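All values derive from a computational prediction rather than experimental measurement. What's counted below: heavy atoms across the whole structure, side chains too, no hydrogens, waters or symmetry copies.
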Amino acid sequence: MAVQIGQQAPDFKMDAVVGKDFKEVKLSDYKGKWVVFFFYPLDFTFVCPTEIQEFSKRYEEFTKIGAEVVGCSIDSKFSHRAWVENGLGELRYPLAADITKQVSRAYDVLDEDAGVTFRGTFIIDPKGVLRYALKHDNSIGRSVTEILRSVQAIQYTEAHPEQVCPVEWKPGAETLKPA
């Protein structure tokens, strides 16, 4: 059964490429921080580099609000490093290698028929609780701006539980007080 909003996010431990080096990444490494954990289908594809590079360009915006970014696909750490060195460019966050597909299954983003993941995005709070989940067709890229805004909105409502954020809310905008 897939993890639900409000439940503990499935733990993970995977090899990853950080810069051009190999490193093991675990969800527990990020305890006390917000985590944006995203899945993409495959290395050396068309839409994926646009997202991956945008997360890297905007990485500092995430760290300023206490969030870390981790990307993941079913490719190996060797494929990730080859892609970084041959076209993708160095990234500011880890690309994890889920070659066993266990993590993809745990987050319910694995397309079993195709053998690759859907585009899935998860926001995990500092206590390890899943607060946001989105998955969609692989033919369209996700909005890094919307993911950043979503982290900010979740953080705001956590700090102000008597308020909720309306559509298109951005930091500094008015909120709503439910009856």
With rounding to the nearest 0.5 Å, note down the distance linking [atom1] in [X] to [atom2] in [Y].
X	Y	atom1	atom2	answer
I123	L148	CD1	CG	9.0 Å
M14	E24	CE	CD	10.0 Å
L176	T157	CG	OG1	12.0 Å
C72	F122	SG	CZ	10.0 Å
E51	R142	CD	CZ	4.0 Å
I74	L42	CD1	CG	5.0 Å

In terms of side-chain geometry, is the basic nitrogen of E146 or R149 positioned less than 4.0 Å from the acidic oxygen of its partner?
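Looking at E146 and R149, the cut-off is met.
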Taking NZ, NE, NH1 and NH2 as the nitrogens, is one of them in R81 or D21 under 4.0 Å from a carboxylate oxygen of the other?
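Not counted as a salt bridge, because no side-chain N and carboxylate O are separated by less than 4.0 Å.
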Would [X] and [Y] show up in the same hydrophobic cluster when neighbours are defined by side-chain heavy atoms closer than 4.5 Å?
X	Y	value
I65	Y132	yes
L130	L134	no
I147	L91	yes
V116	F118	no
I5	I124	yes

In the structure I gave you, are the side-chain heavy atoms of F44 and P49 within less than 4.5 Å of one another anywhere?
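Answer no - side chains too far apart.
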Report yes if the side chains of Y40 and L95 come closer than 4.5 Å at any heavy-atom pair, otherwise no.
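SC-SC contact between Y40 and L95 confirmed.
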P94 and its side-chain contact (heavy atoms from CB on, under 4.5 Å) partner, picked from V17, V18, D15:
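One option only clears the test, and that one is V18.
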Measure centre to centre between the rings of F38 and F55, then say whether the value is under 6.0 Å.
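F38 vs F55: aromatic centres under 6.0 Å.
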Validation row, ring centre F22 to ring centre F78 under 6.0 Å
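Here the rings of F78 and F22 have centres that are less than 6.0 Å from each other.
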Of all heavy-atom pairs between P41 and C48, which one has the smallest distance, and what is that distance?
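Reported closest heavy-atom pair: CD-SG, 3.4 Å.
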Taking N86 for its side chain and W83 for its backbone only, find out whether a donor-acceptor pair lies under 3.5 Å.
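Here the side-chain-to-backbone pair does not exist.
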Testing Y93, W34, Y59 one by one against E68 for a side-chain hydrogen bond (donor to acceptor under 3.5 Å, both in side chains), which residue passes?
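The passing option is Y59.
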Pairs where residues 96-107 contributes a residue and the test side-chain hydrogen bond (donor to acceptor under 3.5 Å, both in side chains) is met, not counting sequence neighbours
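Applying side-chain hydrogen bond (donor to acceptor under 3.5 Å, both in side chains) to every pair that reaches into residues 96-107, excluding sequence neighbours, yields D98-S104, R105-E112.
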Enumerate the residue pairs fulfilling side-chain hydrogen bond (donor to acceptor under 3.5 Å, both in side chains) with a member in residues 167-179, sequence neighbours excluded, ordered by first and then second residue.
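Sorted pair list: Q163-T175.
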Does atom CD1 of I99 have more than 12 heavy-atom neighbours, drawn from other residues, nucleotides or ligands, at distances under 6.0 Å?
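No, because the 6.0 Å sphere around CD1 of I99 holds 12 heavy atoms or fewer from other groups.
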